[in-house]
Amino acid sequence: SNLPPSINAKDLKKVFDKIGNLIAVNVILDPKTGISRGYGFVDYNSDISREKARSQLHHTVVRDSKIRVSRSCAKSNLYDG
């Protein structure tokens, strides 16, 4: 989170691609303006790359914004019913 408003998925991929094999990159955009809402999601093909991204890229500065990298829960895992 804390992504700069000007970032897009291609830019985010450049930041996270050096860690490992990305399988998904998504920047959440405001539907009216098309500008980043300040957060996005990336996923790798391995748990090792996921943990490496969290440890190495947390608090990295991207376009003057110190980003936060944390683990996300899949919607399917939020409810046990």
Side-chain angles (χ1 to χ4, degrees):
S1 64
N2 202 39
L3 295 175
S6 61
I7 201 158
N8 60 38
K10 183 179 176 182
D11 297 330
L12 191 61
K13 182 179 180 188
K14 288 178 186 176
V15 173
F16 283 83
D17 204 28
K18 58 189 167 194
I19 297 296
N21 186 22
L22 284 166
I23 57 174
V25 178
N26 188 15
V27 174
I28 306 305
L29 304 176
D30 181 287
K32 292 182 182 176
T33 65
I35 296 173
S36 167
R37 295 183 82 180
Y39 65 100
F41 301 93
V42 299
D43 195 12
Y44 293 93
N45 68 343
S46 75
D47 289 335
I48 292 169
S49 293
R50 289 180 195 103
E51 184 54 40
K52 190 175 175 183
R54 281 193 294 274
S55 66
Q56 291 185 12
L57 297 177
H58 185 65
H59 290 151
T60 296
V61 175
V62 177
R63 295 187 186 167
D64 298 325
S65 293
K66 189 186 289 188
I67 65 171
R68 292 185 300 271
V69 180
S70 60
R71 185 171 183 210
S72 174
C73 292
K75 287 183 181 179
S76 61
N77 292 336
L78 292 177
Y79 302 103
D80 185 21

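Only a predicted model underlies this, so the values are computations on that prediction, with no experimental measurement involved.
Interatomic distance, OG of S55 versus CD1 of I19, reported as 7.5 Å (0.5 Å rounding). The line from NZ of K18 to NZ of K13 is 14.5 Å long, rounded to the nearest 0.5 Å. Annotation: the span from Y39 atom OH to I7 atom CD1 amounts to 15.0 Å, rounded to 0.5 Å. Note that the CD1 atom of I28 and the OG atom of S36 stand 8.5 Å from one another [nearest 0.5 Å]. To the nearest 0.5 Å, the span separating CG on N21 from OG on S46 amounts to 8.0 Å.
With H59 contributing its side chain and K66 its backbone, the two residues share no donor-acceptor pair below 3.5 Å.
Two residues are said to be in side-chain contact when any heavy atoms from C-beta on lie closer than 4.5 Å; V62 and K14 fail this criterion.
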- Task: Dump the intermediate steps for side chain to side chain contact (heavy atoms under 4.5 Å, CB included) on F16 and L22, then the final yes or no.
- Result: CA-CA 8 Å; F16 283 83; L22 284 166; 4.1 Å; yes

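Contact detail for R54 and S70: the closest heavy-atom pair is CD-C, 3.9 Å. Between R68 and N2, the closest heavy-atom pair is NH1-CB, 3.7 Å.
No more than 12 heavy-atom neighbours from other residues, nucleotides or ligands sit within 6.0 angstrom of CD1 on I48.
For the side-chain contact (heavy atoms from CB on, under 4.5 Å) with V27, the qualifying choice from L12, I35, D11 is L12, the only one to do so.
Checked for salt-bridge contact, D47 and R50 meet the test: a charged N lies under 4.0 Å from a carboxylate O.
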